[in-house]
Amino acid sequence: MERALSFEIVRRFPGGPAVAARASWPLDGPPVTVLFGPSGSGKTTVLRALAGLDRPEAGSIDFGGERWFDAGEGIDLPPQLRGVGLLFQEYALFPHLSVAANLAYGLHRLPRGEREGRVAELAGRFELGGLLSRRPAQLSGGQKQRVALARALAPRPRLLLLDEPLSALDAPTREALRGELRHLLERAGVPAIVVTHDRVEALALGDRLAVLVDGTIRQVGPVHQLFSAPADVEVARAVGTENVFPVRLVRSEDGLVVVRAEGAGGAELVAVDPGGLEDRAYACIRAEAVLLEPDGGHASSAQNRLAGVIASRRDEGPLSRITVACGLELVALVTRASAERLGLSPGLRVVAVVKAPAVRIVPRTT
Amino acid sequence: MDATALILSVELAALTTLILLLLGLPLAAWLAGSRWRYRFLVEAVVALPLVLPPTVLGFYLLTGLGPHSPAGRLFEAVAGHPFPFSFTGLLLASVLYSLPFAVQPFAGALAGVDRSLVEASHTLGVSRLGTFFRITLPLAWPGVLAGAVLAFAHTLGEFGVVLMVGGNIPGRTRTLSVAIFDHVEALEYGAAHRTAALLLVTSFAVLALVYALQRRPFFRWNER
């Protein structure tokens, strides 16, 4: 049988929201699951329950056949015995200990000689060699993150939990470290769960997405699929109306990149170069940023003009959600009035127009 | 100079402080971390000596631990002598009377340690006790030291409880503050002056040390 993480976590907060999250996913295979949802949706509650720091009122947690928690049977494995590495939002480095002592902190069960070897190995892998004698207060945000991640991985945990791992960083650092964090998570060889409310972060870090709305997990699936095809309106609202396509780099020039959607007949898109793009990426286009013109329309400043056929139309109040097959399944959100005026209905030939700056490229490693 | 009284006072204060460290730290750790709904009752009991006249505490100790009470007989069986007018009795009374001066700064300092550091230690496999000694205590030490010093200074200067419980036996229960009272009663103003000045200077030095230790640089670890 496949090893899996299964949980049902029920917790109520006095005068606040209730969490009743239930999900299950395999532990082998793609390593990074993103727990995604708006703030207050219960992401941190789930994470803390998995780590054993908070006790749910009801439910159970099963990790690869091992019972970590069962309210009915009174099982509650303490965090010390779960073998979970936790990366705190503010990193929680021990301020009175050097970087080396922080790294060695969880290695108390190892003999002294092996401990030093393990610290040296981690220092090499996380490029902390010159920092070992420093105190956490003497580190930059990015360095703190690397130390915290190395410390969490030092005792070889069986599950890695990351609570908003990039939120403590300023915006430029965050941009720069997203790709690096993904690399580190891949190389860690440990299943990881990342909590975030940031879509770009979810795309850049995750293989699998679990969407949490109002304390319940609504949908679990591959990241881009879930963004492109949310199961219901609430999930759509939580993830935002977004077109997400796996793409590959064709060429880059003059600060722009040309990417091609993966799969046969994939269309080419022009976007602003985000930097650090090697080959694979996600292209994200908000549905409200897609303009539809009748076929043979006039020229404009927009770089992306994709001719295609309307595949479907769904009216949602004052808006219409129109899917255009144009080498991509591109969703456009237009007003119903415009849809009526242009007679937008399935089968009609249209041109989907997207400005290059409206195409967001999120680099992917591997 | 009241050398005997000075030695006795310092001995009493030192032992009281030691006992308060041993008993007060676990109590403070419990107060700082407990979510028990009736915790406030324990807090109120700990703080009682702050507002009660020492005579009230002394009175209840005397009657409660007197030779005719069951608790008093137990005390006598353990200590080998009756509770009133003994050094051990005085020590017990001092511990109770100085309890808030130690426990409140302890609890404040322990509660001030970032909870996520404690949790990080737990997820790294270190037990609660190990975490207390490796994380909480090292980070809270300025507050713990402040509490210990305050308890020491407060015991050094206590008067009412000593007089109620200990009486005035030289070398056994006659502390500095009681000695001053004696000198004044006997109109020995010179001797009273010297002893009072000694207590004043000692207390000032101790308090200055506490406040110096609490100045910000001591709480920050980045310069070290």
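Every chain is numbered from 1 and lettered A, B, ... according to where its sequence line falls, protein lines coming before strand lines.
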*Given that the side chain runs from C-beta out, which part of A/Y105 has a heavy atom under 4.5 Å from chain B: side chain, backbone, both or neither?*
both
*asked:* Are more than 12 heavy atoms, taken from residues, nucleotides or ligands other than A/F13, located less than 6.0 Å from that residue's CZ atom?
replied: yes
*asked:* So for atom CZ, which belongs to A/R125, do other residues, nucleotides or ligands contribute more than 12 heavy atoms lying within a distance under 6.0 Å?
replied: yes
_If I take atom CG from residue B/D114 and atom CZ from residue A/F88, how far apart are they, to the nearest 0.5 angstrom?_
8.5 Å
*Taking all non-hydrogen atoms of both residues, which atom of B/L124 and which atom of A/P155 are closest, and how far apart?*
CD2-CG, 4.0 Å
*What part of A/L93 gets closer than 4.5 Å to chain B, counting heavy atoms only: side chain, backbone, both or neither?*
backbone
*Can you tell if the side chain of B/P138 reaches within under 4.5 Å of the side chain of A/L97, non-hydrogen atoms only?*
no
*asked:* With rounding to the nearest 0.5 angstrom, report the CZ to CG distance, B/R115 to A/L53.
replied: 8.0 Å
*Can you tell me if CZ on B/R172 sees more than 12 non-hydrogen neighbours from other groups inside 6.0 Å?*
no
*Return the minimal non-hydrogen interatomic distance between A/H96 and B/R134, and the atom names on each side.*
NE2-O, 2.9 Å
*asked:* For A/R12, is the CZ atom crowded, meaning more than 12 foreign heavy atoms sit under 6.0 Å from it?
replied: no
*Tell me, side chain or backbone of A/R151 under 4.5 Å from chain B's heavy atoms, or both, or neither?*
both
*Indicate the atoms forming the closest heavy-atom contact of A/F94 with B/I135, along with that distance.*
CD2-CD1, 3.5 Å
*Give a yes or no on whether B/F204 atom CZ has more than 12 heavy-atom contacts from other residues, nucleotides or ligands under 6.0 Å away.*
no
*Count the heavy atoms belonging to other residues, nucleotides or ligands that lie under 6.0 Å from OH of B/Y38, then report whether that count exceeds 12.*
no
